Enquirer: 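Pasting a structure here, questions to come.
Since this is a predicted model, take the numbers as computed values, not measurements. We use all heavy atoms of the structure for the numbers below, so side chains are in, but hydrogens, waters and symmetry mates are not.
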Amino acid sequence: MSQLRQTMRKPANYPNVLTVEEFAEVFKLSPAAVRNLIRRGEIQAIRIGKQYRIPQHVVDRYFAQALRPEERGFGMWRRKPAASLAYVNTLRRRDRRTPEGFLRDMARDA
């Protein structure tokens, strides 16, 4: 069997996409506002004819922006995410508490 036929038989794995109306409903915006954001380049979208489709990763990123920086993970709010180990070590160097003080604060927050 030729390589082309094998490739054609495999189902394509495309990301989920939302219409402008679905995106607008999720974020409680008007479809016109979403289209304006797309035209200004603030929302990445795929244009098919006169319609737009917004990939799921764009939706996920917008939800992530709503979280506080501490909840986003290892520097994910930065333009260039930090390596997790380097980020944690940076936070450790800034923290002047002793290990006992850290554990006491953790117990108090729980």
Enquirer: Can you confirm whether P55 sits close enough to N16 that some side-chain heavy atom of one is under 4.5 Å from a side-chain heavy atom of the other?
Expert: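 Heavy-atom side-chain distance check fails, nothing below 4.5 Å.
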Enquirer: Looking at every non-hydrogen atom in both residues, tell me the closest pair between T19 and E22 and how far apart they are.
Expert: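 For T19 versus E22, the nearest heavy atoms are N-OE1, 2.9 Å.
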Enquirer: Might you point out which heavy atoms bring I54 and I38 nearest each other, and give the distance in Å?
Expert: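 Heavy-atom minimum between the residues: CD1-CD1, 4.1 Å.
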Enquirer: I need the F23 CZ to Y62 OH distance, nearest 0.5 Å.
Expert: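 F23 CZ to Y62 OH: 6.0 Å, rounded to 0.5 Å.
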Enquirer: State the CG-CD distance between D105 and E100, to the nearest 0.5 angstrom.
Expert: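 Going from CG on D105 over to CD on E100, the span is 11.5 Å.
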Enquirer: Any Lys/Arg nitrogen of R35 or E21 sitting under 4.0 Å from an Asp/Glu carboxylate oxygen of the other?
Expert: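 Salt bridge: yes.
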Enquirer: Looking at I48 and R53, what are the two nearest heavy atoms and their distance?
Expert: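 That would be CD1-CG, 4.0 Å.
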Enquirer: Can you sort out the partners of R40 under salt bridge (charged side-chain N to carboxylate O under 4.0 Å, His left out), two or more places apart, ordered by chain and number?
Expert: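 For R40 the salt bridge (charged side-chain N to carboxylate O under 4.0 Å, His left out) partners, ignoring immediate neighbours, are E42.
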Enquirer: Nearest 0.5 Å, what's the CZ-CG distance between F27 and L37?
Expert: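 Reported value, rounded in 0.5 Å steps: 10.5 Å.
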Enquirer: If you look at every heavy atom in Q44 and V58, which pair is closest and at what distance?
Expert: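 Heavy atoms only, the tightest pair is O-CG2, 3.7 Å.
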Enquirer: To check you understand the geometry: which heavy-atom pair defines the closest contact between P31 and A24, and what is its length?
Expert: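 Smallest heavy-atom distance, with atoms named: N-CB, 3.8 Å.
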Enquirer: Is it true that I46 and Y52 fall in one hydrophobic cluster, defined by side-chain heavy atoms closer than 4.5 Å?
Expert: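 Result: no, two separate clusters.
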